[in-house]
Amino acid sequence: ALRRTALEYAQSLHGDGQVETAICRIDLAETLLRLGHRQPALEALRQAAPTLDRRQVEGAPARRRLDGLLVLARGRPG
């Protein structure tokens, strides 16, 4: 619930298309994955991806984290 609240706060403060909000989505997705909720985690990651693709260079820490969590959420071996 805390991660979801943080995401809602970031959305209201920064808007959906900002890196800060995308990182909150990644945080939420990581928590969801730890709890075994792969599909909602995958959705949160898919929502974060376009912002990071537009606003961060390849290899940036948040993009690497997103990529790793996408692999886990999809259930593919890393």
Side-chain angles (χ1 to χ4, degrees):
L2 185 58
R3 297 276 191 197
R4 196 170 304 280
T5 301
L7 172 58
E8 290 168 359
Y9 179 73
Q11 286 173 307
S12 69
L13 186 63
H14 303 290
D16 270 332
Q18 300 300 317
V19 171
E20 294 85 351
T21 304
I23 290 172
C24 284
R25 287 187 191 285
I26 293 169
D27 292 341
L28 174 61
E30 183 175 21
T31 299
L32 290 168
L33 278 172
R34 287 177 186 228
L35 295 172
H37 303 291
R38 287 172 49 182
Q39 198 56 42
L42 187 56
E43 181 58 32
L45 294 168
R46 286 179 176 156
Q47 290 174 350
T51 298
L52 294 183
D53 288 345
R54 282 192 313 272
R55 298 186 175 262
Q56 290 201 328
V57 297
E58 190 172 331
R63 286 190 64 180
R64 287 196 322 264
R65 191 168 161 224
L66 172 77
D67 292 341
L69 290 171
L70 278 168
V71 169
L72 292 173
R74 291 177 180 143
R76 294 184 187 154

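No hydrogens, no waters, no symmetry mates; every other heavy atom, side chains included, goes into these values.
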Residues 3-10, side-chain donor-acceptor partners within the protein, below 3.5 Å, at least two apart:
unit_1 : atom_1 : unit_2 : atom_2 : d
Arg3   : NE     : Thr31  : OG1    : 3.2
Thr5   : OG1    : Ala1   : O      : 2.9

Name every donor-acceptor pair, under 3.5 Å, that has one atom in a side chain of residues 23-30 and the other anywhere in the protein, sequence neighbours excluded.
unit_1 : atom_1 : unit_2 : atom_2 : d
Arg25  : NH1    : Gln47  : OE1    : 2.6
Arg25  : NH2    : Asp16  : OD1    : 3.0
Asp27  : OD1    : Arg65  : NH1    : 2.9
Asp27  : OD1    : Arg65  : NH2    : 2.7
Glu30  : OE1    : Arg65  : NH2    : 2.7
Glu30  : OE2    : Arg34  : NH2    : 3.2

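Heavy atoms only, all atoms of each residue included: Ala62 and Leu52 are closest at O-CD1, 3.9 Å. Minimum heavy-atom separation, Gly15 to Thr21: O-OG1, 2.7 Å. The shortest heavy-atom contact between Leu33 and Ala41 is CG-CB, 3.6 Å.
The hydrophobic cluster around Leu2 extends to none of the other residues, as no ILVMFWY side-chain heavy atom falls under 4.5 Å of it.
A chain of hydrophobic side-chain contacts below 4.5 Å, direct or via other Ile, Leu, Val, Met, Phe, Trp or Tyr residues, connects Leu72 to Leu45.
With rounding to the nearest 0.5 Å, the separation of CG in Leu42 from CG in Leu32 is 11.0 Å. The distance from the CZ atom of Arg74 to the CG atom of Leu69 is 11.0 Å, given to the nearest 0.5 Å. Of the inter-residue distances, the one linking Gln56 atom CD with Arg63 atom CZ reads 7.5 Å to the nearest 0.5 angstrom.
Considering only residues two or more places apart in sequence or on other chains, Pro50 meets the side-chain contact (heavy atoms from CB on, under 4.5 Å) condition with Arg54. In this structure, the side-chain contact (heavy atoms from CB on, under 4.5 Å) partners of Arg55, at least two apart in sequence or on a different chain, are Gln18, Val19, Thr51. For Asp67, the salt bridge (Lys or Arg N to Asp or Glu O under 4.0 Å) test picks out no residue, with sequence neighbours left out.
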